[in-house]
Asks: 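Have a look at this one.
Sequence positions, counted from 1, serve as the residue numbers for this chain. Atoms within a ligand are numbered from 1 in the order they appear, just like the ligands themselves. This one's a predicted model, so the numbers in the text were calculated from it and none came from an experiment.
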Amino acid sequence: MMQPGAPTSSMLAAQPVPLTQPVPIAQPTQPVQLMPPNPAAAVSIRGLLKHFGDKVAVNGLSLDIPVGSFYGLVGPNGAGKTTTLNMVTGLLRPDGGIVTILGRDVWSDVNAIKRTIGVMPQPDEIFNRLTGMQLLVYCGMLRGMKRSQALQRAGDLLDAFDLSHAANIMVADYSAGMTKKICLACAMIHSPRILVLDEPFESVDPVSSANLKDILIEYVATGGTVIISSHVMALVEKMCTHVAIINQGVVCAAGTISQVADGGDLEERFLQLVGGRHGAAHIAWLDGGAQ
Ligand SMILES: Nc1ncnc2c1ncn2[C@@H]1O[C@H](COP(=O)(O)OP(=O)(O)OP(=O)(O)O)[C@@H](O)[C@H]1O
């Protein structure tokens with residue numbers, strides 16, 4: 001059985017090829033010999049490393065995300081998912097390791113890479129004094145689109161996300177779920193080849209969530225790659241083609257859902273790999289008023 005924290009994906013240990021990219025300023029606690037990045041993968045990560053002061057957030061993480069996959073990243077709080085995604089999308093510079101997107105190194109031409117990916121902004125990162133329509137047109141034009149094309153795509157996205165009625169309302173006045181949807185639309189307006197979404201379904205109602213899933217599944221069917229981070233295992237199991245379980249800054253298991261679930265339930269497998277469940281969680285004073 002794989003132990004929590006042990007990097008086990010099949011691509012990790014192969015021909016001994018040394019890292020060619022930045023010299024890490026902290027070493028992974030478990031050094032492994034790495035294959036070179038896979039140029040055919042949508043995203044190929046090798047030996048990714050990031051620390052904040054003494055805290056090692058990402059500890060030599062390696063992973064291949066195939067083109068056309070719907071890839072779920074799961075892991076406990078603080079596992080390093082967001083830090084990894086920020087480094088993959090060129091928002092945070094790694095301390096060591098390599099990330100390639102469609103065969104190109106992220107950090108040698110970060111602006112070119114950013115054009116091929118769509119990253120869902122966090123609600124506090126958007127200009128929420130704009131209306132939904134204005135925000136989308138702004139995002140489209142920022143990506144080099146003509147105003148007429150941005151307007152047309154913004155209208156299509158507002159329809160697709162059931163936000164047409166709120167097109168002319170300021171985003172600051174949207175509910176949490178509506179804000180989530182407009183953030184997602186911002187990531188899609190330039191029709192990227194890879195979509196990176198941190199917890200896309202959080203606070204989204206079931207109807208919008210179903211529409212959103214349909215949009216993403218169709219996007220994948222046409223050759224797009226979706227990478228989501230999520231804590232909702234049932235959702236990952238239902239929607240994703242692949243999953244990576246991340247714990248303490250490394251990949252504990254990665255592959256298709258059935259490979260990782262290994263004939264069982266994905267959530268059980270997750271708990272088995274990650275551990276940390278208390279045998280008998282008990283808080284003495286929390287008695288529901290019985291005493
Ligand atoms: N800017 C930062 N400064 C200091 N520590 C940070 C910073 N960002 C992340 N960390 C730490 O790095 C570790 C990984 O954090 P990260 O946000 O990547 O985890 P996560 O898997 O996305 O967690 P969650 O599921 O709770 O969102 C955590 O211990 C976190 O406290």
Side-chain angles (χ1 to χ4, degrees), residues 2-9 22 24-30 43 45-63 65 70-99 101 106-107 110 117-126 176-177 179-180 183-184 187 194-204 226-237 239-240 242-254 260 266-267 269-278 281:
M2 283 178 281
Q3 293 304 311
T8 56
S9 20
I25 55 177
Q27 296 295 328
T29 50
Q30 296 174 311
V43 177
I45 307 173
R46 294 292 181 271
L48 198 62
L49 193 68
K50 185 73 194 177
H51 71 272
F52 300 104
D54 291 341
K55 171 79 201 172
V56 181
V58 177
N59 192 13
L61 185 145
S62 295
L63 184 67
I65 298 183
F70 200 132
Y71 215 108
L73 299 185
V74 298
N77 293 130
K81 303 177 296 292
T82 303
T83 308
T84 299
L85 289 181
N86 285 343
M87 291 190 279
V88 165
T89 52
L91 298 175
L92 182 68
R93 193 173 277 278
D95 294 334
I98 306 171
V99 182
I101 301 238
V106 168
W107 289 96
V110 78
I117 55 181
V119 182
M120 188 172 77
Q122 295 301 315
D124 60 356
E125 293 169 348
I126 53 175
T179 308
K180 197 87 181 180
C183 287
L184 193 51
I194 300 171
L195 267 177
V196 181
L197 314 172
D198 208 352
E199 292 284 350
F201 298 101
E202 206 180 38
S203 351
V204 177
V226 176
I227 306 167
I228 65 166
S229 81
S230 180
H231 292 113
V232 186
M233 213 59 68
L235 185 143
V236 169
E237 196 159 17
M239 284 190 73
C240 295
H242 294 70
V243 64
I245 298 179
I246 295 179
N247 192 27
Q248 297 179 3
V250 293
V251 173
C252 311
V260 174
L266 186 64
E267 187 154 356
R269 186 82 184 118
F270 173 87
L271 293 171
Q272 209 178 45
L273 286 166
V274 165
R277 200 171 174 190
H278 303 290

Asks: Ignoring hydrogens and geometry, is there a side-chain-to-backbone donor-acceptor pair from Lys180 to Gln122 under 3.5 Å?
Replies: no
Asks: If you measure every N or O of Gly80 against every N or O of ligand 1, does any of those distances drop under 3.5 Å?
Replies: yes
Asks: Only one of His51, Lys50, Gln248 forms a side-chain contact (heavy atoms from CB on, under 4.5 Å) with Val56, so which one is it?
Replies: His51
Asks: So which protein heavy atom does atom 15 (O) of ligand 1 come closest to, and at what separation?
Replies: Thr83 OG1, 3.8 Å
Asks: Would Gly75 count as a polar contact of ligand 1, with the cut-off being nitrogen or oxygen pairs under 3.5 Å?
Replies: no
Asks: Quick check against the 3.5 Å criterion: does Ser62 have a side-chain atom that pairs as donor or acceptor with the backbone of Gly47?
Replies: yes
Asks: If the cut-off is 4.0 Å to any non-hydrogen atom of Ala79, which atoms of ligand 1 fall inside it?
Replies: 19 (O), 20 (P), 21 (O)
Asks: In Å and rounded to the nearest 0.5 Å, what is the CG to CZ distance from Leu235 to Phe201?
Replies: 5.5 Å
Asks: Counting only heavy atoms, tell me which of Glu199, Lys81, Lys55 gets closest to atom 21 (O) of ligand 1.
Replies: Lys81
Asks: Short question: side chain of Arg46, backbone of Val99 - any donor-acceptor pair under 3.5 Å?
Replies: no
Asks: Nearest 0.5 Å please: distance from the CG atom of Leu73 over to the CG atom of Leu63.
Replies: 7.0 Å
Asks: Give me the residue, atom name and distance of the protein heavy atom closest to atom 23 (O) of ligand 1.
Replies: Gly78 N, 2.8 Å
Asks: Keeping the roles fixed (side chain from Glu267, backbone from Ala234), state whether a donor-acceptor pair exists under 3.5 Å.
Replies: no
Asks: Are there protein heavy-atom neighbours of atom 13 (C) of ligand 1 below 4.0 Å?
Replies: yes
Asks: If you count the atoms of ligand 1 from 1 in the order shown, which ones are under 4.0 Å from a heavy atom of Asn77?
Replies: 23 (O), 24 (P), 25 (O), 26 (O)
Asks: Among Ile45, Thr84, Leu49, find the one that has a side-chain contact (heavy atoms from CB on, under 4.5 Å) with Val58.
Replies: Thr84
Asks: Which of the atoms in ligand 1, numbered in the order shown and given with their element, are less than 4.0 Å from a heavy-atom of His231?
Replies: 25 (O)
Asks: Looking only at protein heavy atoms, identify the closest one to atom 8 (N) of ligand 1 and say how far it is in Å.
Replies: Phe52 CE1, 3.5 Å
Asks: Please list the nearest protein heavy atom to atom 22 (O) of ligand 1 with its residue and the distance rounded to 0.1 Å.
Replies: Thr82 OG1, 2.7 Å
